[in-house]
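This report concerns only the one structure given below.
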Amino acid sequence: MLQINYIRENTADVKKRIAKKNPKHAEAIDEVLKLDEETRNAKRDLENNLAEANQLAKKIGDLMKGGQKDEADKIKARTTELKELNKTLEEKQKQTEQQLFDLLITLPNLPHDSVPEGKTPEENLNIFEHGEIPKLLEGALPHWELAAKYDIIDFELGNKIAGAGFPVYKGKGARLQRAMINFFLDEATKAGYREIMPPNVVNADSGFGTGQLPDKEGQMYHIGIDDLYLIPTAEVPITNLYRDVIVKEEELPIKNAGYTPCFRREAGSYGAHVRGLNRLHQFDKVEIVQIAHPDHSYKILDEMVNHVKGLLEKLELPYRILRLCGGDMSFASALTFDFETYSAAQQRWLEVSSTSNFENFQANRLKCRFKNKDGKMQLVHTLNGSALALPRIVATLLENNQTPEGIKIPKALVPYTGFEIIN
RNA sequence: GGAGAGGUGCCUGAGUGGCCGAAAGGGACGGUUUGCUAAACCGUUGUACUCGCAAGGGUACCGAGGGUUCGAAUCCCUCCCUCUCCGCCA
C-alpha cells in the first residue's frame, strides 16, 4: 500500500510513475488527495470537540468531588450537546477514511525508475541470456509426451483424483521432484537463508499483508468453512512472519527460504499454453524471501538474481532474464526480473522465476518496521524470488535433455535423484 | 465436538468508573562507581494521526466492534483469538 504522506508530498512524481503501470491509476491519485483532505478536516473537527468534551468531563469530576452538584449539572448540558455533534462528525470521519483506505489499497506499487515503459509481455526488456539452445533430434517430443512415454507424470490420473492441473508424479518423476526441492533448499542454505516450513494455508490478514487480497481474491483457493486460503506461494506465509513486527536494524537483512506446494486457481487460463506442466493448479516451489534495510534493497535484489542465475547454470539450462515493463509487473512490485528457460521441443520460453523488490509496499501493509539511527520508525523493504518453481524446470529439462537412450539428469542433481537417466 | 480459563506496554504482571498511557519487576539503552568474564546505584525506555518554525499542544489505542455514563482498561452485549481438560485422531 502506498503511503498517503508520500502521495501528498510527491503528487506529480507519483502520478507519473503509477501511470507506467496503468494510466488509469493516475486519475485515482486526485481522488485520493481529495478524500485525504476531507478525512483530515473531519478528524480535526472531531478531535477539537473531543478535547472540549474531555476537559468538561474532568471539570465535572472535580465539581462533584467538591460537592458542587448544581454547577456540574450545568456543564453536563454542554457535554450532552457535544456528544450528539460528535456522533455525526465521527460517522463522517469514519466514512471518508474508509473510502480513502478502500481506494488506496487498489493502487499498485510505484515502479522503480529502471522499469521500462510498456503494456504487454512483449515489451519486457531482455537483459541477459545464457546457455546454448539445444538442437533436438528429429522426432523430439514435448514434455507431456515424454512424461507419458517414461510413465513419470500422469495427467489423466490427476484429472480423476482432483481435476485438470493437478498432475500425479510417479516413480522417477516423483523422485525428481523431491530431488529438486532438496537441491534448491540446500543451495538456499548455502547462500545464507534460514529454512522455514510454514503452514500451507493462511488467514485473510496474511493475504492482505503481502497484497494478494483483495487484488487477487479470485486466484486463491478459499476454504470457506474455516475462512482460510491455500497459499499461492510461500512468499505469503514467510513474509507474514514479520507482520506487526518491529525488527532490529542490525538484524537486517533477514533471509528466509522455504519449500511449499503452491495453489492457484488460474481462472481464465486455457489452450495450448496450459498444456502439460506449463500451467498448474498445484505446483512445488522453493521461495527465497528477504527483509531488507531500505538503503540496501536493490543491492540485495541483485544478489537474489545472482542466486537464481547460479541455480539455472548448475542445472545447465539455457535461460534469459527479463526486466519486466510497467504493464506486466505485479501489483505489489517496484522492480521485477523474470527468468525464463528455453524449452526446446515446445520452442518456447517458460517463466521459471520471478524475483522482485517490493520496497515498502508490502511492509506498509504488514507494518513491518525498524527503529533507525535517529530513533524513528521506518518501514523495511521486502523482496522475494522463486528459487525455483519446479514444473517448468522439469518441462525444460525433460525436453532439452531427451536422447534416444532416455532423459539425462544434470550432474548437480544426480546426488539428489540417485539416478543419471530416466529411461 | 463438549467443558472451563484468559486476552493490558519489548516480556512477566497489577489495576477501586475520574488522580491510568497505565503500578511493579524483568529486559534493553545511557551514565556513575567498584573493577576481571560480573555486581550495585541513578536515569531513559509506546505507537499512530494531527496542530505548531520551535518549545510544546491535541486525539485515539489496555483483543475487535457496539452500549451504559458528564467520564470506561475498569460495568453490559456481540464477535474474534489463545490456553487448559475431556473426546476423536496422524
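Protein chains get the first letters and strands the later ones, always in sequence-line order, with residue 1 at the start of each.
The two residues A:Pro167 and A:Leu280 make their nearest non-hydrogen contact at CD-CD2, 3.7 Å.
Using a cut-off of 4.0 Å between Lys/Arg side-chain N and Asp/Glu carboxylate O, A:Glu90 and A:Lys94 are scored as salt-bridged. Under 4.0 Å is where a charged nitrogen must lie from a carboxylate oxygen, and between A:Glu81 and A:Arg78 at least one such pair does. For A:Lys285 and A:Glu287, the salt-bridge test passes: some basic side-chain N is under 4.0 Å from an acidic carboxylate O. Classification of A:Glu303 and A:Lys255 as a salt-bridged pair holds, one side-chain N sitting under 4.0 Å from a carboxylate O. The existence of a salt bridge linking A:Lys190 and A:Glu187 is confirmed by a sub-4.0 Å separation between a basic side-chain nitrogen and an acidic carboxylate oxygen.
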When you look at A:Tyr298 and A:His381, which way does the ring pair (Phe, Tyr, Trp, His ring centres under 6.0 Å) test go after all the steps? CA-CA 10 Å; A:Tyr298 280 95; A:His381 281 190; 7.2 Å; no
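Side-chain nitrogen and oxygen atoms of A:Lys371 include at least one within less than 4.0 Å of the OP1 or OP2 phosphate oxygen of B:U47. At B:U59, none of the side-chain N or O atoms of A:Arg44 fall inside 4.0 Å of OP1 or OP2 (strictly under the cut-off). An OP1 or OP2 oxygen of B:U50 is reached within less than 4.0 angstrom by a side-chain nitrogen or oxygen of A:Arg8. Using a 4.0 Å cut-off, some side-chain N or O of A:Arg369 falls inside it from OP1 or OP2 of B:A48. Phosphate contact (OP1/OP2 of B:G71, side-chain N/O of A:Lys83, threshold under 4.0 Å): present.
One atom, CZ of A:Phe101, and another, P of B:C49, lie 14 Å apart when rounded to the nearest Å. When the P atom of B:G58 is taken as reference, atom CD of A:Gln93 falls 19 Å away, rounded to whole Å. Between A:Leu100 atom CG and B:U50 atom P there is a gap of 11 Å when expressed in whole angstrom units. To the nearest angstrom, P of B:C10 lies 16 Å from CD of A:Glu251. Rounded to an integer number of Å, the gap from A:Glu97 CD to B:A60 P is 14 Å. We find that NZ of A:Lys248 is positioned 14 Å from P of B:G27, with the value rounded to whole Å. As rounded to whole Å, 14 Å separates atom P of B:U47 from atom CG of A:Leu379. Remark: P of B:C51 and CG of A:Leu50 are 16 Å apart, rounded to the nearest angstrom.
A residue-by-residue look at A:Lys58 and A:Thr80 shows that A:Lys58 has its nearest nucleotide of RNA chain B further toward the 5' end. Residue order along RNA chain B, read from the 5' end via each residue's closest nucleotide, puts A:Asn54 first among A:Asn54 and A:Lys87.
Relative to the ring axis of A:Tyr150, A:Lys172 does not place its NZ or CZ within 45° and under 6.0 Å from the centre.
Pairing partner, B:C53: none, since no Watson-Crick or wobble contact has both distances short of 3.5 Å. Shown here, B:U37 forms no base pair; nothing in the strands shown gives a Watson-Crick or G-U wobble contact with both key distances under 3.5 Å. Pair check for B:U16 finds none; no Watson-Crick or G-U wobble contact set falls under 3.5 Å. Base pairing of B:C85 is made with B:G2, judged by Watson-Crick or G-U wobble geometry with both donor-acceptor distances under 3.5 Å. Nucleotide B:A28 is matched to B:U44 when pairs are restricted to Watson-Crick or G-U wobble geometry with both distances under 3.5 angstrom. The partner of B:A22 is absent, by the rule that a Watson-Crick or G-U pair needs both atom distances under 3.5 Å.
Here the nucleotide nearest the side chain of A:Arg40, chosen from B:C70, B:C51, B:U59, is B:C51. Across B:G58, B:G18, B:U47, the shortest atom-to-atom separation from the side chain of A:Ala57 is found for B:G18. Among the nucleotides B:U59, B:C70, B:A48, the one closest to any side-chain atom of A:Met64 is B:C70.
Here the separation of B:C11 from B:C62, taken at their C1' atoms, is 16 Å to the nearest Å. A gap of 23 Å separates the P atoms of B:U69 and B:G63, to the nearest Å. Comparing B:C20 with B:A60, their C1' atoms are spaced 15 Å from each other, to the whole Å. Nucleotides B:G57 and B:U45 place their P atoms 14 Å apart, quoted to the nearest Å. Here the separation of B:C79 from B:G1, taken at their P atoms, is 15 Å to the nearest Å. With C1' as the reference atom, B:G4 and B:G87 are 15 Å apart, rounded to whole Å. Going from the P atom of B:C81 to that of B:G27 covers 36 Å, rounded to whole Å. Nucleotides B:A64 and B:G6, compared at atom C1', are 16 Å apart to the nearest Å.
Of the listed residues (A:Ile196, A:Leu185, A:Asn182), just one forms a side chain to side chain contact (heavy atoms under 4.5 Å, CB included) with A:Tyr259, and that residue is A:Leu185.
If you take CG on A:Leu2 and CG on A:Asn360, they are separated by 8.5 Å, rounding to the nearest 0.5 Å.
At a threshold of 4.0 angstrom between heavy atoms, the contacts of A:Lys43 are confined to the sugar-phosphate backbone, with no base atom among them.
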Tabulate protein N/O versus nucleotide N/O from nucleotides 61-66 of chain B, keeping only pairs under 3.5 Å, one per line.
unit_1 : atom_1 : unit_2  : atom_2 : d
B:G66  : OP1    : A:Lys94 : NZ     : 2.6

